[in-house]
Number of protein chains: 2
Amino acid sequence: MLSHKTKYALKALLYLAQQDENHISRTIEIAEGANIPKKFLEQILLDLKRGHFVGSKQGKYGGYYLLKDKETITLADIHRLFDGAIALLPCASLNFYERCSDCVEESECHLRHGLMTIRDETLKAMQGITIASLVKK
Amino acid sequence: MLSHKTKYALKALLYLAQQDENHISRTIEIAEGANIPKKFLEQILLDLKRGHFVGSKQGKYGGYYLLKDKETITLADIHRLFDGAIALLPCASLNFYERCSDCVEESECHLRHGLMTIRDETLKAMQGITIASLVKK
DNA sequence: TCTAATTCTACTAATTTTATAGAATTAATT
DNA sequence: AATTAATTCTATAAAATTAGTAGAATTAGA
């Protein structure tokens with residue numbers, strides 16, 4: 001399941017993607033438009049900025065805007081930024097690999113193989129969903 | 001991601017599936033064989049029993065055994081029993097549907113549609129992984 | 001200099017997860 | 001009937017994560 005943070009991030013990106021080119025959106029505007037707690041959204045937008053998905057302009061008349069092309073921002077990207085691994089266990093993850101503490105011999109783990117299959121399928125599906133594709137629906 | 005509970009449940013089922021037909025496994029035997037904390041495993045086995053995946057025999061020489069055919073127990077089933085919805089948000093779930101509290105008009109939610117696509121793909125993949133298919137690997 | 005925005009650091013409250021403890025119950029064997 | 005060894009049940013606790021808040025610092029346009 002997605003955390004609220006990831007859901008809010010997606011809703012914020014969706015909001016930004018629907019604005020006119022060159023429009024700068026204030027946090028309060030996004031918060032009200034997408035129904036997200038304002039202070040929580042501040043943190044989320046900062047994280048999106050650090051991830052180079054949005055840009056910001058400081059000071060009066062400042063705010064946020066999409067930095068990356070909305071066709072290239074995928075659900076997988078945002079999931080990884082906020083909720084981490086796509087895989088169902090760290091040992092089956094590409095980007096967040098970690099060994100299971102209860103694992104005796106990883107190469108012989110029956111579970112891991114199955115979970116890597118799931119990861120490949122889920123990843124493919126999640127990479128197919130972009131901010132642009134969501135807006136179009 | 002799977003919780004430890006779900007991971008342990010899968011490992012326990014895998015252990016049971018690899019025993020001889022008619023063999024009854026004690027909790028301690030499964031715990032040591034699959035490297036799972038014994039007291040935690042007790043609860044998990046009870047949940048699996050309530051879900052009709054395993055059967056139990058009480059008293060001396062009692063223990064647990066697979067009740068359902070290992071070909072019919074899927075990753076999706078076990079995920080739902082312990083971690084709940086397969087979908088990434090409750091509003092996109094088949095079995096755990098719930099409306100988002102921050103949602104204004106669900107039928108117009110851009111995000112929901114995309115997440116239902118992901119759910120269908122992931123579910124299909126997870127239903128393809130059975131305890132039997134994992135053992136074979 | 002005033003105003004209104006982002007940015008940063010720290011904190012808190014609630015929830016969920018991961019267990020553990022110990023008594024009650026069950027049933028096979030002696 | 002007593003003993004033994006297992007499941008079952010209820011309650012609790014500790015740790016981690018999530019969700020959200022507070023408030024000061026910084027930035028920049030008017």
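Within every chain, numbering begins at 1; the chains are lettered A, B, ... in the order of the sequence lines, protein sequences first and strands thereafter.
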Heavy atoms only: give me the nearest B:G62-B:R26 pair and the separation to one decimal.
-> O-CG, 3.6 Å
Send over the distance from B:M1 CE to D:dA16 P, rounded to a whole Å.
-> 16 Å
Is A:Y8 touching bases, backbone alone, or none of the nucleic acid, heavy atoms closer than 4.0 Å?
-> sugar-phosphate
Over how many whole Å does the gap from A:K49 atom NZ to C:dC8 atom C1' extend?
-> 12 Å
To the nearest Å, give me how far apart CG (B:D83) and P (C:dT17) are.
-> 7 Å
So, is B:K60 close to the C:dT26 phosphate, meaning a side-chain N or O under 4.0 Å from OP1 or OP2?
-> no
Considering heavy-atom distances to DNA chain D, does A:T6 or A:Q58 have its closest nucleotide positioned more toward the 5' end?
-> A:T6
Whole-Å distance separating the CD1 atom of B:I44 from the P atom of C:dT17 | 13 Å
Should A:R50 be listed as having a side-chain N or O under 4.0 Å from OP1 or OP2 of C:dC8?
-> yes
Is any side-chain N or O of B:Y64 closer than 4.0 Å to OP1 or OP2 of D:dA6?
-> no
Where the side chain of A:Q43 is concerned, which of D:dT8, D:dA6, D:dT21 is the nearest nucleotide?
-> D:dT21
Given that B:L46 and A:G59 both sit by DNA chain D, which one's nearest nucleotide is further toward the 5' end?
-> B:L46
Between B:L41 (CG) and D:dA6 (P), how many Å, whole number?
-> 14 Å
Length of the line joining B:N35:CG and C:dA19:P, which is rounded to integer Å | 11 Å
Between A:E106 and A:R99, does at least one N-O distance fall below 4.0 Å, as a salt bridge requires?
-> no
Give the rounded distance in Å between these two atoms: NZ of B:K5 and P of D:dA15.
-> 19 Å
Counting N and O atoms only, with roles assigned by atom type, does the side chain of A:H110 sit under 3.5 Å from a partner on the main chain of B:K136, one being a donor and the other an acceptor?
-> no
Given C:dT17, is OP1 or OP2 found less than 4.0 Å from the side-chain N or O atoms of B:H4?
-> no
Please determine if B:K5 and B:D83 form a salt bridge, counting it only when a charged side-chain N lies under 4.0 Å from a carboxylate O.
-> no
Just by modelled atom types, is the B:T117 backbone N or O under 3.5 Å from a matching donor or acceptor in the B:E121 side chain?
-> no
How long is the line joining CD of B:E42 and P of C:dA24, in whole Å?
-> 16 Å
Is B:Y61 near enough to C:dT26 that one of its side-chain N or O atoms lies under 4.0 angstrom from OP1 or OP2?
-> no
Is there a donor on the side chain of A:K39 or the base of D:dG23 sitting less than 3.5 Å from an acceptor on the other?
-> yes
Would you say a side-chain N or O of B:S56 is under 4.0 Å from OP1 or OP2 of D:dT8?
-> yes
Output yes when at least one side-chain N/O atom of A:T27 is less than 4.0 Å from OP1 or OP2 of C:dT6, else no.
-> yes
